[in-house]
Amino acid sequence: MEKANVTGSVMVVGGGIGGIQAALDLADTGFYVHMVEKSPAIGGVMAALDKTFPTNDCSMCILSPKLVECGRHININLMTLTEIESISGEEGNFTVKLKKHPRYVDMDKCVGCGVCASKCPKKVPNEYNEGLTKRKAIYVPYSQAVPLKYTIDRDACLYFKAIDAGKKGKCKACEKFCENDAINFDDKEEIIEVNVGSIILAPGFSAFDPSGDSLYQYTNFKNVVTSMDFERILGATGPTDGHLVRLSDHKEPQKIAWIQCVGSRDIHHCDNTYCSAVCCMYAIKEAVIAAEHSKIPLDCAIFYMDMRTYGKDFDKYYERAEKEIGIRFIRSRIHTILELEDGSLSIRYADEQGNIKHEDFDMVVLSIGLEASRDAPELAKKTGITLDKNNFAVTSCFSPVSASVPGIYAAGCFQGPKDIPYSVMEASAAAAAASTSLAPARGTLTKTKEFPAEKDVSGEEPRVGVFVCNCGINIGSIVNVPEVAEFAKTLPNVVYVEDNLFTCSQDTQEKMAEVFKKENLNRVVVAACTPRTHEPLFQETLKASGLNKHLFEQANIRDHCSWVHQKEPELATEKAKDLVAMAVAKVALVKPLEPVTIGLTPAALIIGGGVAGMVSGLTIAKQGFKVHIVEKKDRLGGHALDLRKSFKGETVKTFTDDLIKEVTEHENISVHLNAELEDVSGFVGNFKTKLTTGKEFEHGVIIVSTGAGPSDTREYLYGKNPNVLKWFDLDKKITDEPETVKAARAAVIINCVGSRDDQRPYCSKICCTHAIENAIDLKALNPDMSVYILYRDIRTYGTREELYQEARAKGIIFIRYDLDNKPVVKEVDGRLNVTVTDHVLGRPITIEPDFITLQTAIVPKGHEKLSRMLKVPINAEKFFLEAHMKLRPVDFSTDGMFVCGMAHYPKPIEEAITQAQAAAVRAMGVLSKEALAIEPIVAAFIDRNACRGCGLCVALCPYKALDIEETEEGRKVKLITAACKGCGVCAATCYRHAITINSFTDDQFANQIEARFAA
Amino acid sequence: MTEDFYPRILVFCCNWCSYAGADLAGVSRIQYPATGRIIRGMCSGRVDPTLIADAFIYGADGFLILGCHFGDCHYIDGNYKAQEKIDMAHEALVYAGLNPDRLEFNQASAAEGQRFADLNTEFHERIQKLGPLGSADKYPLPELTERLKIAQKALAGPKLRWVVGKKSVFTNGGNKYGEVFTQHEINRTLSGIIIDEMATHSIIAALEKKPAAVKDLAKELEIPPPDTLKYVLALNRRGFVEMDGVEGTSPMYKYKGEQS
């Protein structure tokens, strides 16, 4: 804590999923965030994806809540259409000069109604739909965009075109029709200066552009599309409204081919030496979704070199695609693509044996790779950070989110191609790293809103005020708003009604607050748009005028009424009346609710003292919180002690030794060696743990970092012949006895020993790279040694691919084998003898190596017991299961518990470190709070006397938020409000009607139903 | 049914998927009939079977419940639990005389504005064909309503709620003795309980009005006399019903009121 003069704010550059995650993590741990996004809205590439692998979650569904949260977070200053101009200062205190481009629309006035765009006469290609549809010159990038504010595209606007050509500007249709005077043609570019302590760069990637390529014919053949085009074709808001048709003739395709590695692993058509790491999975996903989507049977084929399904549950996804859905996987090289008369395409390709074949398809999808963001060189120049030859930010494996300038961090695809969960992890890790040196300034720049004391309305008869919104013409042009308002006056408990042009506008809000007081209202109904976007706004107004925010109900008469019944204005008006009546009926029964606050112990328990556990512990300790690290063995370090180097060649031992020293000496860390958990009780913020050593302590969070290790094997004469080694034995041998190793004439490394089989249907992820590293080292020791790697797919994802290329260049021999035709290892006259079928020759060949190294699978140990003790799930392979594979990669679904490192899934050291830092910042999201506030939309008793403690609700609660307790009145259910999420399964189950969900009670529902049929 | 009939439909939407899907239909201006009225809850798992009965008791011509797609539930598996409860409510209400097509559970994601609109349109068309509540059902109004109220009582009681609550436990993990039930077995059990509960509550309702003999109850309620006797004796044992003299050769039974 030596640096006290630091700025408690961070700049996040890039508003994709990575930037959003980093911003939310920082803002939730007490740092003010300036978020800079170049385009008019945040969301990035993820907003344009249809589904996400391997869960097939709808991309927008899981992203949208984060967008909204980011957009309205009081401690995130969202600056769209903004770019970095220059940076000065140093770690802890940077001054950033920003250029803010004009939007030509006043953000305070624009309500996102869209009238401007409907009147705008100019159409241009819509970037969101990859140019497959048109948008207007005044536009929002996509319908769920945050902020939902229109932007004028100066290059497309007819008025500006004329002005920029030195002529008199005409049109201005948008200005004419905007009901809110939001259009401002005089808007100017601005330069702003902002002081921040750290900077996180997350500008994402640019997709490879195959236009210029003669092989793939993207430009020339209409039915050759990129994978991004295809995402939009599948998307419900895409060019074909989610109907799977080909673009040339809108016919439903019967056969689609995917071509992998377009712009990846390719030095002939481009200079991209690396693997893009995500294309295999997204191609399978697209094929699966297309096959499920298509009304007619669809034949999908994927043309690939190696199938790189290396992540958690990826191999199972691949298996399912092949065996259940019938996707064909063709290991091949593409030769040519020809267009047939009807627009179909003929693919000529060479199969694995080198035979030329051809097959016709209705559509071809190019699985385009991920390139460094086009903005990366410019950004590097302005910030002074170093990029590699592919323009990705340079980082070390041991500080994987730190860019080359102190205080500047890199996350997501900016530092190499990767998938969404890994980007999210890096973003969280960057938030942890970026805030470490700023910890003394935590909370110095964050804001909290102050509200007047709440009026006590208990015992008062409901006095309901109804505000009916016209939403410009959005509601008013269809629904007869005055009629609805008149009707509202006749409803029970209603004492005040008014209609507004825009209920949400700033001035109306101010007037409303006055009306609440003047009319002495104690319940409010707004009939307008959707509560999903506007309820928080109206609730703020209630709070500002001293009313509890829960005394509110919104009737959605726009999204659910005027917009969807445009041709039936009378019926729409009737519906609007009913919706208002139902809202009034409900609001009469709602009760003021207080946020539940609980105290917490600002300490972390970390289970497992390997690299992941130590890094997360140290990250937390450095920010001033107490940490307990519990390690089963008699020393820290875990499996890192067996490792020689990272894939970038850095020595692991030096790093691990330093880390152990730092952890052991840190004043905030207690290390408990030779210890395991005996008992854990409590919930987020308030856990109590007893160790097998008898030691007991309290803590607020738990991080599980128990790791995983190499599996046992009896295959390939392991344990029978001393020259059959496990992978870390070879590491040891290279370090300890280089001379013996050097003497060998031939060495064989066998991959996938115990991985990707029926027993363990997953890829151990680290073995391919590790085998290649060792093979290269063997060659370095003795260039004459014949080194063979027997593999099933080479999965050197990302920039690891360059190691693969190096290995091939050095003459290491790669032989592919199949699961049903594994290599056979025998001992002949005391010598090892390996027979394997060569994949090119199709004939068995025999090798007589001096030693064989087995890349045995990575397996978790002892997770069942821990899983039961902590009540957190493990998957079929006994790895811990995170809350959400995509967007909550280090959280458990139980609040206050986190996972990192190999306990989650096999992974290389830099990913384990990233994940550990990510888990640390997520944990600090809890620890940095003085008290935990919980939205009171949770389970509550209506009638505790009625509860008989039968426990059915306890059994059905998905969050363990209910328990049974013995009380003086007998067995009763105990509400663990801190763990409750408010789903209401308990309320729908209780036959005593003892339990309910606040603001969603049975009598409120019944009142709504009754009000519907009262008339 | 004529085109003039404009059905009165209730739609339950969960906050995270289907309600957002409805919003997206709005943002995308996808048109659908104006007959549905949305009630928002947090999760389809919140839908209490008695509320489903309420909808039809109050007079809804149709009730469409929309949750997240399976596997997408914001609350892990709330929609699976919803499915089980809604299936049970459906069976009980249909047994009481409701046309099976008046209640539907379906799914729409936050990205499926078109699907939301389509589901509403299809449901609207279906209900329009059926006509108003009581017209394509086993009984006309108000008799149907009376029977639905009895179903509601059955749905409110512990028996059905326990079995449906434990359904997935029984079919996956097994009962206390490790016996795993097939879906078929558990559904058959559930159907049996629905019949028992409906009969029991009809008998209570009849006896609440006036004391009666078993044979008269059997006739009035169309339950075979031996079964009626069985239910009455069970109610007698549980203290809900007691003997109230003998008329001719038949013992008369009367309702004693709610026992706790």
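Since we're looking at a predicted model, the values are computed, not measured. Quick note on labels: first sequence line is chain A, next is B, and so on, each numbered from 1.
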Minimal heavy-atom distance between A:Pro958 and B:Asp77, with the atoms involved, is CB-OD1, 4.1 Å

Given a strict heavy-atom distance threshold of 4.5 Å, which part of A:Asn474 is in contact with chain B: side chain, backbone, both, or neither?
side chain

B:Gly36 and A:Lys575 have their tightest heavy-atom pair at O-CE, 3.1 Å

At their closest point, which heavy atom of A:Leu956 faces which heavy atom of B:Lys81, and how far apart are they?
O-NZ, 2.6 Å

Which portion of A:His884 sits near chain B, non-hydrogen atoms under 4.5 angstrom:
neither

Could you please spell out the steps behind the side chain to side chain contact (heavy atoms under 4.5 Å, CB included) verdict for A:Phe1013 and B:Leu10?
CA-CA 10 Å; A:Phe1013 299 107; B:Leu10 282 177; 3.9 Å; yes

If you look at every heavy atom in B:Lys85 and A:Ala988, which pair is closest and at what distance?
CE-O, 3.3 Å

Chain B heavy atoms under 4.5 Å from A:Ala1006: which part of the residue, side chain, backbone, both or neither?
both

Using the six-membered ring wherever Trp is involved, compare the ring planes of B:Tyr32 and A:His565 and label them parallel, tilted or perpendicular (cut-offs 30° and 60°).
perpendicular

Engaged part of A:Cys950 at the chain B interface, taking heavy atoms whose separation is under 4.5 Å:
both

Could you pull out the closest heavy-atom pair between B:Leu51 and A:Ile1009, with the gap in Å?
O-CD1, 3.9 Å

Neighbourhood of chain A inside residues 57-69 of chain B, taking heavy atoms under 4.5 Å as contact
B:Tyr58, B:Gly59, B:Ala60

Kindly state each residue pair satisfying side chain to side chain donor-acceptor pair (under 3.5 Å) with at least one member in residues 140-156 of chain B, sequence neighbours excluded.
B:Asp54-B:Gln152

How about A:Glu570: does its CD atom have over 12 heavy atoms from other parts shown lying under 6.0 Å from it?
no

Does the side chain of B:Arg46 reach to within under 4.5 Å of the side chain of A:Asp1002, using non-hydrogen atoms?
yes

Taking side chain as everything from C-beta outward and backbone as N, CA, C, O, which of these in A:Gln566 sits under 4.5 Å from a heavy atom of chain B? Side chain, backbone, both or neither.
both

